[in-house]
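Right, one structure below, let's go through it.
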Amino acid sequence: MKNVFNMVNDFVSGLGSVFMGIIPVAILWFVLTGTSVLGFDVVANLNVLVDSLVNGGFIGLIVLVILASFFNK
């Protein structure tokens, strides 16, 4: 059972690493071409995320700290 959990954990962390590598490329693609990548407007989605955190007040600050803890290992 421990083997299964380790395999799933490795898969999820690998998938997260892939997505964290795709995001800068998608932003660069949007800046250079002005079109979305695979139908996803990454810049607009990031803008909405930052706006919701800023307007969230204290809860937005807590969510920002939790998100930052995921990226700092």
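Basis for what follows: all heavy atoms, side chains included, without hydrogens, waters or symmetry-related copies.
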Just jot down the side chain to side chain contact (heavy atoms under 4.5 Å, CB included) partners of Phe19, sequence neighbours excluded, or say none.
->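 With sequence neighbours excluded, Phe19 shows a side chain to side chain contact (heavy atoms under 4.5 Å, CB included) to Leu15, Ile22, given in chain and number order.
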With sequence neighbours left out, write down each residue that passes side chain to side chain contact (heavy atoms under 4.5 Å, CB included) with Ile23, or none if nothing qualifies.
->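 Residues passing side chain to side chain contact (heavy atoms under 4.5 Å, CB included) with Ile23: Met20, Ile27, Val42.
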Does a donor on one side chain and an acceptor on the other come within less than 3.5 Å for Asp51 and Asn55?
->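 Asp51 vs Asn55: donor-acceptor pair found between side chains.
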Does the side chain of Ile62 reach to within under 4.5 Å of the side chain of Phe58, using non-hydrogen atoms?
->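 Sidechains of Phe58 and Ile62: in contact.
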Minimal non-hydrogen separation, Val25 against Gly21, with atom names |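 It is CG2-O, 3.6 Å.
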Going hydrophobic residue to hydrophobic residue with side-chain gaps under 4.5 angstrom, can you get from Phe11 over to Val18?
->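 Yes; Val18 is reachable from Phe11 via cluster members.
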